[in-house]
Undergrad: 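Just passing along the structure, written as structure tokens.
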Amino acid sequence: MSKQHVSTIVNGDPVEFLADPGMTLLDALRDELDLTGSKEGCGSGDCGACSVILDGRLVCSCLVLAPEAEGRRVETIEGLAHGSELHPLQQKFLEHAALQCGFCTPGLLMASKALLDVNPDPTESEARYWLAGNLCRCTGYDKIIRAVMDAAAELRQERV
Amino acid sequence: MAHVIAPSDCRQFTGGLAEFDVEADTVRRLISAMEARFPGLGDYVDRRMAIAIDGEIHQDAWSSPIGPDSEIYLIPKIGGG
Amino acid sequence: MSDVLDRPDIGHNAGDDLKVVGTRPIRPDGADKVTGRAAFGADFNMPGQLVGKVLRSPHAHARIVSIDAKKARALPGVKAIVTGADFPNLADEFHEGGEAASNLRDLAMNVMARDKALYDGHAVAAVAATSSAVADEALALITVVYEVLPHVQEVEAAMAQDAPLLHGRMFTEGLEARPDKPSNIAKRNRIARGDLDAGFAAADVIVEGRYTTQAVHQGYIEPHACVASWAADGQCSVWSSSQGQFMVRTYCAKVLGLEISNIRVTPAEIGGGFGGKTTVYLEPLALALSRQSGHPVKMVMTRDEVFRATGPTSGSVMYVRLGAKTDGTITAADVELKYQAGAFPGSPVGAGSMTALACYHIPNFRITGWDVVTNTPKVAAYRAPGAPISAFAVECAVDDLALKLGMDPIALREKNAVRDGMKASYGPTFQNIGYVETLEAIKTSPHYQIPLGPNQGRGVAVGFWFNVGGESTAALHVGEDGTAVVVTGNPDIGGSRASMAMMAAEALGIGVEKVRPIVADTASIGFSMLTGGSRTTFATGMAVVQAAEKVVAELKRRAALIWEVSADHVAWREGVAHCLDPAKTDKPPLSLEAIAAQSARTGGPISAQVSLNAQGAGPGFAAHICDVEIDPETGGVTVLRYTAAQDVGKAIHPAYVEGQIQGGVAQGVGWALNEEYIFDRDGKMENAGFLDYRVPVASDLPMIDAIMVEVPNPRHPFGAKGVGEVPIVPPLAAVANAVRAATGVRMCDLPLSPPKIRAVLDAKEG
Amino acid sequence: MSQLDYLAPATADEAVKALGGAGARAMAGGTDLLVQLRAGRAKPNVIVDLKRIAGAVGIRQEAGAFIIGAATSGAAIGEHAALVKAWPGVVEATNLIGSTQVQGRATLAGNLCNASPAADSVPAMIAARAVCVIIGPGGRREAPVEAICTAPGRTSLAPGEFVLEIRLPARPARASDAYLRLIPRTEMDIAVVGAGVSLVLDGAGVITDAQVSLGAVAPTALLVADASLALVGSKLDEAALAKLDAAARDACRPISDKRGTAEYRTKIAGVLARRAAAIAYSRAGGQA
């Protein structure tokens, strides 16, 4: 089993690592690049805790092979804030108490970012369906949806 | 005298007696008194039961005070999720 | 978003000019959690660590004839293999954890099977290897010879005379006479009052039913994970995600025969527990593998393992019979509860029995509970363990009674409600409870007034949980700049660090941003019982407040020293010392910061630690309303609206109290509609993944309105009662009652999945 | 140790060559393959990623037909306005596959070649008379979508062959399609039943052509000829809908499993066929 050399861009920075061909992008992020913000809750694409944005598309990094990332752009939770300034979604999640244990939070934030990138003014129903692939067992989703809607409103304000 | 009400699983020690009076001003003394009167009961209660004193549940609390007319319910210990 | 109903006549210790308690500050661990920095169980590594994996039984019930690991041991990269033979055999020893008290012998055998595998997924061997791939290959090379035995999973089947026996030596406890034959029935419990026959004879109306629920999993998103190191000198270190680092320490010590002082457990951030992380599965295995290999060992469960091998809660069969007068007075109740315990005794049927009728004042009743072992994973605590199950049966029956009597379901519950001074069904007399207030809150809620459309139905249900106190330790250290660190021994699952910091800040009279809360390892803080039973804000909070009070006393002493006055002449108000000595009225007040700056000269560091065993947790009551709409052609259910009112005592951080309520409701809705363990004919779990074990997703739920009723608990410094457990108690029946209202048919078997609903609608059509 | 290689060929010919070896598996989105890999249900020696083949990602139009590259994600399909307008049923079926995250990867070709009886896009594609362009050692061939799956997990593709493109035919005026599925939750489930209906109407609203396909009610997605007959010539009146319902139920040969009983699946097949037909009819401009 020969490892493959992978060059990719993670959160804007070029990185390189060696990957077993069957390694997932999630394992590469966590084990090779020490980016442990993306979580594994199921390993089968059913919980969304490993959500990252790959070339602009929201994906489960557990359903991407690490070598597929060659030459692509990966955005993870570690790149969401601008330096020490939190992204409005991060800030709204905190203000609305939209997390309890916080394990699903990185995935939910990346999924929410992907939503607001394509739909700056989602309805509650659109937000709920978009985020249906991100399981949260603590909150009942109420405060998460409120945080996303509030962040969307703030981002729209910023754009005006 | 405090009035003690024992559930079914304690009655193996009391000869089936469900209620009885005990002279005790703390949980520790209650347990000792129950053990003296019904051998095995004090130890069983100490290990396996919580003690509701006038409606308030006490677990592993030997020093909790018992009033002269307190109502004592022996109930299973409670944990939770 | 939510209303707060205060009852000022009882609010002697809450609401008195509180500056911090009752506000909604941003949680102190928040920034780490939204940036991916928080380190959960699987996010930690030790240098030189190996990967540990578990070989699990593919059979629901089998004798382990032999285990041959020679080939696996010979595989390059394999560093350790352990089986049941590597663990000491323990005698029966009860470790009291409440209703799910565990026999340590059973715990050890659940961690690693000995002579028999008792469920699909039961651990039979574990390996440690240099990589995940090598570990997988090693597992495949271990040959286990099984003698497959007949298995039994349904609770009533397991109770049958001719059922296959899981344990040859189990004789039912709690019967009048000890049985002469072993069985799968571990225990019978009974609670009774009055004269049942007379009660039913006095009834004008009687309803009865048989109800079933399926095993459901806590469904935390973070799989169990740990890293363990057994050093050459016997000093053990464990990093793990659990609800209690001290629990992990105790259980590892017992299972491995170690001294507690040799084990240091560091709590990781925990990615949800809900009771499911109140026991150990991996930690003793990782330590045993580390001992054998001489390397640290990391173990992380797959989701499949989480479902197959860790604690669901019980499936059940229940019978309820209620009698009432035409005016709605309930005269008699007979409740029988049969709960699956899984492979070892310890279902939460005791708590299920005690809570079943706890909301009702009924003169004549009998509650019988059966704890039954089955070839399914050993149940673990799940949020108000046992209570949602029995509440499902009782609340459905009460709903049927309301229908039969032509009474409003809330009015019927009000008529029979327990109130202060009444005896609980489980014995003690209630004090300071806020139950009728929650009924009032839902009755007057906007939700209850909304008219329903076609195929829509509204359900009401109530619930109870005791809440507990117990042992906790808290330390409070004042820094030389006047800020403070509050240290506790309770893992923070749902925001408890925020409430600890808030209570400390309130008691000290400083801003919450000046207090940093820390959850410490087992060597760095005194013993604390695990985070569970809704005890942390109550019991650990009490320790925090007492520590803060001790610090305040010390600060006053230091101020007195600085001012050269008697300590009696120092008052502490809002974080500032005031000099009351009539001879020295010119002394300007001394802030905490100013006193802290002088701490070296005035006696050294200012800190306090309090260890206590908190008693007097106030019970929690909840009343819920659920609206659903049925698709009559498909049997699909949409939850349209949900409102949950709960007596929370005093909400320390209202947003996280609402969050507890909303989360509990969501879990309960999942339990009612779609979640269940499904086993095939061979007793293997068929849906061990989030695809087919269907927890609610965001689009399945509406907003969940949380109404916080505040009837303070006089035993807590700010009036807090536990809030995490009770919200999961009413939803099963609230949903089922709404479905009954929408369909006109009572369905008694959870989950209320579309095929079942379509089938009853077809049957109704004739 | 098991050997596994990952290849990402740039041309179809290279892909054919790579897939010629024993134990090679083509990967489009990978959302099924990676789950199977992890569960040990698939043990390929080589994974051949189709995403870097020129033309494998993207949608183009030729004489009114849509040609969808094998590795085009569901998300991209959902964003293609002309495709959404012409084939709303195929697009909605595609977009029902998994979560938003899965949509970022999952493909029509992958959904088809995974050969699950419950694949959402397959009944919609069959109803649409979609055709696969297949490349293999023997060159290029075309096959209707319904000819691909032969049994659960099995396809008619020969060793070394893979689906390069899927073609959806040009649409006449007053034509549309719809897909509905039943799942216990609102999202994230495998279809218990799926129904795709494609209709063409004349100026008077009479159905002149109908294709009805059902998923998850037989080992492979069904093309229900009797259901088409029930609809053609009607204005989707009650009688036609009742005939459609009956024809759909008659065609079912479902199993009972953890996701639904045979009896329930059969009933729901009729319900969904009716509902999908009503949606397609309305989309095509018909007034019921």
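Chain letters run A, B, ... following the sequence lines, proteins first and then strands; every chain starts at 1.
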Undergrad: Heavy-atom distance under 4.5 Å to chain A: side chain of Ala76(D), backbone, both or neither?
TA: both

Undergrad: Quick check: does any side chain N or O of Asp150(A) sit under 3.5 Å from a backbone N or O of Arg146(A), one acting as donor and the other as acceptor?
TA: no

Undergrad: Pick one of side chain, backbone, both or neither for Glu79(D), based on which atoms fall under 4.5 Å of a heavy atom in chain A.
TA: side chain

Undergrad: Name the region of Cys42(A), side chain, backbone, both or neither, that has any atom closer than 4.5 Å to a heavy atom of chain D.
TA: backbone

Undergrad: Only pairs of heavy atoms separated by less than 4.5 Å count here; which of Met27(D), Arg185(D), Gln103(D) has the most with chain A?
TA: Met27(D)

Undergrad: Would you call Arg72(A) and Glu68(A) a salt bridge, using N to O less than 4.0 angstrom?
TA: no

Undergrad: What residue in Ala75(D), Gly98(D), Ser99(D), Gly30(D) has the most heavy-atom pairs under 4.5 Å with chain A?
TA: Ala75(D)

Undergrad: Under a 4.0 Å threshold between the charged nitrogen and the carboxylate oxygen, would Asp13(D) count as salt-bridged to Lys17(D)?
TA: no

Undergrad: Would you mind reporting whether Thr31(D) and Val35(D) have side-chain heavy atoms less than 4.5 Å apart?
TA: no

Undergrad: So, Glu78(A) and Arg30(A), do they make that salt bridge, N to O below 4.0 Å?
TA: no

Undergrad: Determine whether the side chains of Asn11(A) and Glu75(A) contain a donor N or O and an acceptor N or O closer than 3.5 Å.
TA: no

Undergrad: Give, as side chain, backbone, both or neither, the part of Ala8(D) having an atom under 4.5 angstrom from any heavy atom of chain A.
TA: neither

Undergrad: Please rank Asp55(A), Asp46(A), Val64(A), Ile53(A) by heavy-atom pairs under 4.5 Å with chain D and give me the top one.
TA: Val64(A)

